[in-house]
Every structure is written in structure tokens, then in C-alpha cells.
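See below for the structure under consideration.
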Amino acid sequence: MKRVSNLLVLGAFAFTSFAFYSCANDDLNEKSSTENVEVETVASQYVVGSTVTYEDIAYKVIRNDFISAGSRASEVFADGSYRASLLSEKLGIEKCIELFDLTTRKETSAKGLASLTDKYVELDSEGNTIATAKQEWSQSGLFPSLTTSEKNAAFNALSEEELREYDPDKIYIEAKKSLYGNDLSKHYNYEFDYDRNDDKSVNLDALKCVKTWKDYALNFSGKEKSVWRTEEYAKGSITYCLQNPGNESSSGFASVKEYTNSENYTYKYDLQAAGDGKINGSTSTSDFDGIARITSLSTDAISLKFTSKVNDVLTVRYDITNSESGSIDSLKIRERVYDTDGTTTTSDKTESYSLTDFDFKYVAFSDTKKTIGEKEYPAAITITAPVLDEETSILHTKYLVLTFNLSDSGEYEPDIESYIQNYKNDFSSIEE
């Protein structure tokens with residue numbers, strides 16, 4: 001049951017206080033049965049420009065398509081029509097009541113980074129929440145050339161009103177249950193990240209990154225969670241990130257990043273294990289960060305690098321390459337183990353192997369062969385990233401597994417679909 005109180009109606013009329021009301025059909029029917037009483041629709045309670053209390057938070061009504069089509073309160077920041085276009089294009093919302101959260105203020109994160117995040121609620125004609133939106137300004141976005149302390153000082157010197165004179169760095173939109181009902185395939189969730197020009201302007205049609213949360217399902221406690229998400233960067237990469245079933249929707253414990261622009265990147269893929277790999281555990285790379293970086297993976301050349309960081313300190317690195325140029329029959333592994341400061345090498349050794357006796361825990365060659373030209377090669381190579389602990393990092397060891405299949409061109413190409421599907425199949429049955 002939604003309850004709204006009208007605190008202030010702008011215009012030539014005097015201030016009028018409305019009592020709390022219910023948007024349930026029974027309440028409306030009860031009102032309509034009273035003789036000589038004009039029924040006031042739920043939508044008509046939200047007068048554009050007025051201030052209302054919705055779910056115990058003060059909001060300004062900035063849009064109401066149900067009582068006056070196209071009627072909107074003026075916004076000095078991020079033209080509301082652009083946000084409306086995203087809601088229409090991505091969520092299918094053509095008409096709504098939009099509320100702006102009046103309680104948001106600048107904040108500083110645990111890492112000392114300043115930001116302002118404005119929040120919006122989108123309602124249907126009955127006052128049900130059908131979507132939420134956010135717009136974010138950050139010290140890094142507005143003052144990229146300054147040091148961290150200088151960025152924060154410059155950012156905090158501006159009031160919320162002054163910050164809103166700039167277009168935001170990011171816009172978020174998410175569909176809510178009143179919109180998609182029980183059809184979780186329509187639970188859409190996006191983040192749009194924009195670059196700033198030197199004059200601090202933003203071209204809202206030029207994206208730096210788009211994040212899309214995919215395939216919502218019920219987790220072990222019955223909560224709707226995104227199974228995985230994508231991050232597409234204009235610079236030329238796309239990340240496929242598996243979401244931890246017990247943490248917030250933005251928490252990924254494993255990812256595969258594909259670099260699609262060879263002009264910007266010399267490597268092709270990254271596999272990353274983040275956090276401790278436990279259900280409902282840490283997903284922070286500050287706690288553990290295991291990366292398998294693939295520069296080349298073909299019948300002619302292999303170049304792989306594996307690194308582990310614990311508490312942001314480098315602990316070990318492995319470099320795997322082919323011993324002879326143009327052949328993967330012979331491989332060598334260079335292992336470097338570091339002191340606790342992450343800078344001093346305490347162990348540095350290199351060993352060579354033939355392909356038949358190659359033994360490394362994060363790389364496996366299939367016994368099945370495929371003929372390219374006149375020679376046979378392993379039909380597949382399976383790679384994972386270093387993990388914090390083989391026995392306790394359950395999510396990493398079971399789901400951060402990516403198979404590369406040999407193509408007719410001699411390149412090993414990743415089976416990302418199977419990597420994702422393997423996790424999707426188990427997601428709702430994974431227990432804490």
C-alpha cells in the first residue's frame with residue numbers, strides 16, 4: 001500500500017494539506033460509493049512542482065503525464081527529457097509520474113572520494129513504483145587532472161545546486177516489480193557512464209561505458225538477484241561478470257574481459273577472480289585479485305600471465321610462453337614469488353615442458369585433437385585465474401572456468417556462452 005501526503009502545492013493557491021490516502025482499489029471504490037463526492041484519482045494528487053512525502057521521504061514532483069501531458073518542473077541539471085528517453089527506450093515507460101528525492105546531499109566514500117547522487121522514483125497512474133533512476137556527479141569526472149585531495153576540495157567547494165548545473169557523469173535506471181511483475185526476464189537494469197570534454201560539458205550521446213545487469217533469478221533466500229552483467233567500454237572491451245548470489249547486485253566475483261580493439265590493447269582476454277570466492281563473501285579486489293591475462297593463444301604462439309594479489313600486495317606471477325617460436329609443442333613457465341612488500345623477488349625459476357608433460361594448475365590442454373594443416377593440436381584449452389584458496393574459494397574454482405576451442409584459423413576462441421550458462425544453471429540452487 002502506497003501512502004503519500006501533499007506538503008506543498010505551488011501556484012496562486014494557499015497551502016493545502018492532504019491526508020494520507022491509499023491507492024488500493026477498495027479505497028477508491030469506497031470513495032466512489034459516497035454520494036455527491038468527487039473522486040480524486042491517485043495521479044491527480046501529484047501536482048507538478050509540489051512537494052510530497054512518499055514512503056517517508058520528501059520528493060518534488062517533476063513530471064506527471066497523467067494529468068497534464070508533457071507537464072514537467074524545470075530542471076537546471078541534466079534535461080529530464082533525456083532521462084525520459086532512456087526510460088522509454090530501455091524500460092518501455094512512455095507515461096509516468098516522476099519524483100525527485102529532495103534529501104540527497106554530497107557524500108564522501110570510504111576511500112575518500114566525493115560524489116553527489118540524485119535519486120528519482122517513477123510511478124504509474126496508481127502511485128506504484130515502476131522504476132528508479134539515479135544521476136551521479138563525481139570528483140574524478142569533474143576534475144580529472146587534479147590530485148585526489150585537490151579533486152575532493154574542488155568538488156566539495158561547490159554546492160549541490162552548482163554541481164547540478166553540469167550534466168551528470170552517470171545515469172542509472174532500473175525496472176521495478178510493479179512494471180515487470182513475475183516476468184524476471186523483463187527486470188532491466190542499466191548504468192550509463194559518460195566522458196566529459198575539456199570544458200566539462202558532456203555529450204550524452206557519447207558513452208564511455210554501459211553496464212547491463214542480466215538474467216535476474218531468485219537466490220537461496222528468495223531475493224531477486226542478477227546472475228551476471230556486461231560492461232561495454234567505448235575504448236574497445238567488454239566484460240562478462242558473474243554476480244555473487246549473496247551480495248548486492250553490483251558485486252561480481254568472477255569476470256572475463258575481452259579486448260576488442262587491438263589499437264588500444266596488446267592483449268586479448270583477462271580472467272579475474274575477485275575477493276574470497278565464497279558465497280556471500282568478499283568480492284573486493286583489495287582483498288584478493290587473481291588475473292589470468294592472455295596475450296596470444298594459437299597454434300603458433302602462447303603468451304599467458306598469471307598474477308595474484310593479497311591485500312593489494314603482489315604475491316606471485318607466472319609467465320607461460322612457447323619455448324620455440326611458431327610452435328606450442330614446447331612450453332616454459334617462469335615463476336616469481338615476492339616478499340610481503342610485493343616488490344622483492346624471493347624466488348625466480350624457469351622450467352620447460354613438452355606439451356605432453358605440461359602440468360600447471362590454471363591451464364589444461366584437452367586430449368581431443370584437431371588437425372590444422374597437416375598437424376594435430378589440442379582441440380581446446382581450459383584456463384582459470386589464480387584463486388585465494390583452492391578449498392574455500394568455491395565460486396572461483398567451480399565457475400571461473402573458460403574453455404577456448406580451436407578454430408579453423410588456428411586461433412583458440414573462448415566459449416563465453418558456456419562459461420555464463422554453467423553459472424546460470426546452478427544459480428538458484430547455490431546455498432549459503
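Side chains are part of it too, since the values below use all heavy atoms of this structure and drop only hydrogens, waters and symmetry mates. In what follows, residues are counted from 1 in the order of the sequence shown. Remember, predicted model here, so these are calculated numbers, not experimental data.
Phe66 approaches Asp124 most closely through the heavy-atom pair CE1-C, 3.8 Å. Here the closest non-hydrogen pair linking Leu297 and Glu411 is O-OE1, 3.6 Å. In this structure, Gln135 and Tyr120 approach most closely via the heavy-atom pair NE2-OH, 3.3 Å. The nearest pair of heavy atoms linking Tyr419 to Ala254 is OH-O, 3.5 Å. Annotation for Ala131 and Ile93: closest pair CB-CD1, 3.6 Å, computed over non-hydrogen atoms. In terms of heavy atoms, Pro144 sits closest to Gly141 at CD-O, 3.7 Å.
Judged by the 6.0 Å distance and 45° axis criteria, Lys257 is positioned over the aromatic ring of Tyr233. Lys151 forms no cation-pi arrangement with Phe143, by the criterion of a distance under 6.0 Å to the ring centre and an angle within 45° of the ring axis.
Take Tyr318 and apply the side chain to side chain donor-acceptor pair (under 3.5 Å) test, not counting sequence neighbours, and it matches Glu335. By the ring-ring contact (aromatic ring centres under 6.0 Å, His included) test, Tyr412 is found to be paired with no residue, residues two or more places apart in sequence or in another chain being considered. For Ser88, the side chain to side chain donor-acceptor pair (under 3.5 Å) partners two or more places apart in sequence, or in a different chain, are Glu94. Qualifying side chain to side chain donor-acceptor pair (under 3.5 Å) partners for Thr340, counting only residues two or more places apart in sequence or in other chains: none. Every side chain to side chain contact (heavy atoms under 4.5 Å, CB included) that Asp389 has, sequence neighbours left out, goes to Glu391, Thr392, Ser393. With sequence neighbours excluded, the residues forming a side chain to side chain contact (heavy atoms under 4.5 Å, CB included) with Tyr190 are Lys90, Leu91, Ile173, Tyr188, Phe192, Thr212, listed by chain and number.
Side-chain atoms of Asn422 never come within 3.5 Å of backbone atoms of Ser418 as a donor-acceptor pair (strictly under, hydrogens ignored). Looking at Ser298, its side chain does come within 3.5 Å of a backbone N or O of Ala301 through a donor-acceptor pair.
The salt bridge (Lys or Arg N to Asp or Glu O under 4.0 Å) test with Asp118 singles out one residue from Lys60, Lys134, Arg164, and that residue is Arg164.
Checked against a 6.0 Å centroid threshold, the rings of Tyr269 and Tyr267 do not count as neighbours.
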